[in-house]
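Along the sequence shown, residues carry numbers from 1.
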Amino acid sequence: MQIISTVAELRSALAPHRLAGRRIGFVPTMGFLHAGHVSLIEASVRACDVTVVSIFVNPTQFGPKEDLSKYPRDVARDEAACRNAGADIIFLPSVEEIYPPGFQTYVEPGSLAAPLCGAFRPGHFRGVATVVAKLFNMVQPHATYFGAKDFQQCAVVRQMIVDLNLPIEFHALQTVRESDGLAMSSRNAYLSVPDRARALSISQGLLAAQALHRQGERSSARLLDAARAHLDVDSLQYLELVDSVTLVAVGETLDGPAAMCIAAFIGPTRLIDNAMLQ
Ligand code: PAF
C-alpha cells in the first residue's frame with residue numbers, strides 16, 4: 001500500500017493502472033476510520049482493481065463554530081485499517097495541497113443542499129461538493145463509494161456527478177451500525193459513556209417509526225411522533241420526513257418512498273442518522 005501526499009505523485013502512481021485499463025475505485029474520507037469506512041473500502045476492493053482512500057479533514061465544510069480543530073485524527077490506525085481492508089493507495093494531502101494560496105473556485109450545489117443539514121450548516125455542502133469534485137479530478141476514479149448515513153451528502157454528490165458530467169459510478173452503501181443499532185460515526189469517539197447510552201435513542205426512534213410505517217401508518221405526524229417519543233437528546237436540530245429523491249419535506253401523508261432524517265446534539269456532539277420508509 002502506497003501513502004501519497006501530493007497530487008503529482010498520485011497522478012504518476014495511478015497513470016500505469018489507467019494505461020493498463022484497470023478499474024479505479026475511490027473512497028473519500030476524513031479519517032478516524034470505523035467499520036462503516038472499512039465496508040466502503042472493501043466494496044471498492046471487491047469491485048475494482050485499484051482502490052484509493054483519501055484522508056483529508058476538509059476545512060471548507062466546517063463552519064466557524066464547528067469542530068474542525070477538534071475533529072478526531074489517528075493516521076497510524078487509519079493506515080492499518082486501509083491496509084487490512086485491501087486498499088492500494090492512501091492519499092493524505094496537506095491543506096495547502098488541496099487549497100493552495102489563491103484558491104477561489106467553489107462548486108455550489110443546488111436545492112438538494114438547502115434543507116436538513118444545509119439549513120443548520122450554511123456552506124457545508126458547498127465545501128463538501130468542492131472538495132469531492134477536486135478529489136474526483138485528482139483520482140479520476142471509475143467508481144466511488146459513500147456511506148448512506150450521510151444521506152444528504154449522497155444526494156448532493158450523486159447530483160453533482162450528473163450535473164458536471166463526471167464519468168463516475170456512484171455507490172451509496174448501507175449504514176454500518178454498532179451491535180445495539182447506533183450508527184457508526186467518527187464523532188461517536190466524543191461520546192462519554194452516559195452520552196453513548198443516550199445516543200442510542202436516535203436509532204431507536206428511527207426504528208420505531210420504521211416499524212409503525214411497516215404496519216401501514218402513513219401519517220407524517222404520527223410517524224414523527226413515534227420517533228420523537230424515544231429521543232433522549234440535548235437538542236434536536238431536525239427530525240424530518242423528506243422525499244427520498246428530491247429531499248422535499250413530505251406533506252401530511254406519505255404516498256411514496258421517504259427518508260426520516262435526524263440531526264441532534266448529545267452534549268457537545270452532533271450526530272446524524274436516517275431511515276428509509278418505503
Ligand atoms: O463524509 C465525509 O467524510 C466527508 O464529507 C467527505 C466526503 C470525505 C468530504 O470531505
Side-chain angles (χ1 to χ4, degrees), residues 34-37 39-40 43 109-121 124-125 128 145-162 170-185 187-188 196-266 269-278:
H34 51 66
H37 296 112
S39 77
L40 306 180
S111 62
L112 289 172
L116 306 172
C117 290
F120 291 91
R121 304 185 70 188
H124 170 68
F125 288 114
V128 169
Y145 299 82
F146 281 70
K149 180 177 76 74
D150 297 308
F151 170 72
Q152 190 173 15
Q153 171 168 279
C154 286
V156 167
V157 173
R158 197 186 281 114
Q159 186 66 41
M160 178 182 78
I161 288 175
V162 172
F170 181 85
H171 298 271
L173 268 62
Q174 210 181 350
T175 303
V176 176
R177 297 182 179 278
E178 305 275 2
S179 55
D180 58 7
L182 179 70
M184 298 256 180
S185 164
R187 290 188 167 92
N188 291 350
R196 165 71 180 72
R198 290 196 301 131
L200 197 53
S201 70
I202 294 177
S203 53
Q204 285 172 341
L206 294 176
L207 271 179
Q210 248 178 347
L212 197 61
H213 179 263
R214 229 175 278 121
Q215 288 160 26
E217 181 61 74
R218 293 295 180 267
S219 148
S220 299
R222 280 195 284 274
L223 290 164
L224 290 165
D225 282 348
R228 214 175 279 119
H230 283 265
L231 297 181
D232 181 8
V233 300
D234 292 310
S235 99
L236 181 61
Q237 260 191 349
Y238 61 79
L239 172 67
E240 277 191 54
L241 269 170
V242 295
D243 179 287
S244 59
V245 177
T246 62
L247 272 56
V248 170
V250 169
E252 275 177 29
T253 311
L254 264 76
D255 54 9
M260 185 175 278
C261 301
I262 179 167
F265 280 93
I266 308 267
T269 308
R270 183 178 183 275
L271 299 175
I272 60 170
D273 201 351
N274 64 80
M276 293 301 137
L277 307 187
Q278 52 199 10

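Distance check, rounded to the nearest 0.5 Å: CG of Leu116 to CG of Leu239 gives 10.5 Å. For the atom pair NE2 of His230 and OG of Ser201, the computed distance is 9.5 Å after rounding to the nearest 0.5 Å. Taking CG from Asn188 and CG from Leu182, the interatomic distance works out to 4.5 Å, rounded to the nearest 0.5 Å. Note that CE of Met184 and NE2 of His37 are 11.0 Å apart. Values are rounded to the nearest 0.5 Å. Atoms CZ and NE2, from Arg158 and His171 in turn, are 11.0 Å apart once rounded to the nearest 0.5 Å. Rounded to the nearest 0.5 Å, atoms NZ (Lys149) and CD (Gln174) are 14.5 Å apart.
Side-chain atoms of Ile262 and Leu231, non-hydrogen and from C-beta on, do get closer than 4.5 Å to each other. When side chains are defined from C-beta on, Tyr238 counts as touching Cys117, because their heavy atoms get closer than 4.5 Å.
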- Task: For the pair Phe151 and Met276, evaluate side-chain contact (heavy atoms from CB on, under 4.5 Å) and give the outcome as yes or no after the intermediate values.
- Result: CA-CA 10 Å; Phe151 170 72; Met276 293 301 137; 3.4 Å; yes
- Check step by step if side-chain contact (heavy atoms from CB on, under 4.5 Å) holds for Cys261 and Ile272. CA-CA 8 Å; Cys261 301; Ile272 60 170; over 6 Å; no
- Task: Check step by step if side-chain contact (heavy atoms from CB on, under 4.5 Å) holds for Asp180 and Arg196.
- Result: CA-CA 11 Å; Asp180 58 7; Arg196 165 71 180 72; 2.9 Å; yes
- Item | Met260 vs Asn274, side-chain contact (heavy atoms from CB on, under 4.5 Å): CA-CA, chis, key distance, verdict | CA-CA 5 Å; Met260 185 175 278; Asn274 64 80; over 6 Å; no
Please report, to 0.1 Å, the donor-acceptor pairs under 3.5 Å made by any side chain of residues 241-248, with sequence neighbours excluded.
| residue | atom | partner | partner atom | Å |
| --- | --- | --- | --- | --- |
| Asp243 | OD1 | Val245 | N | 2.8 |
| Asp243 | OD1 | Thr246 | N | 2.9 |
| Asp243 | OD1 | Thr246 | OG1 | 3.3 |
| Ser244 | OG | Pro257 | O | 3.3 |
| Thr246 | OG1 | Val248 | N | 3.2 |

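With Ser220 contributing its side chain and Gly251 its backbone, the two residues share a donor-acceptor pair below 3.5 Å. Of the possible polar contacts, none joining the Arg270 side chain to the Ala264 backbone as a donor-acceptor pair under 3.5 Å is found.
Among all heavy-atom pairs drawn from Cys154 and Ala148, the shortest one is SG-CA, 4.2 Å. Among all heavy-atom pairs drawn from Ala226 and Leu212, the shortest one is CB-CD2, 3.7 Å. Minimum heavy-atom separation, Gly147 to Leu40: N-CD1, 3.7 Å. In terms of heavy-atom proximity, Asp273 sits nearest to Ser203 at OD2-CB, 3.9 Å. Scanning both residues, Gly118 and Gln152, for their nearest heavy atoms gives N-OE1, 3.6 Å. Between Ala199 and Ile266 the shortest heavy-atom distance is CA-CD1, 3.7 Å.
Within the structure, salt bridge (Lys or Arg N to Asp or Glu O under 4.0 Å) contacts touching residues 222-234 (residues at least two apart or in different chains) are Arg198-Asp232, Arg198-Asp234, Glu217-Arg222, Asp225-Arg228.
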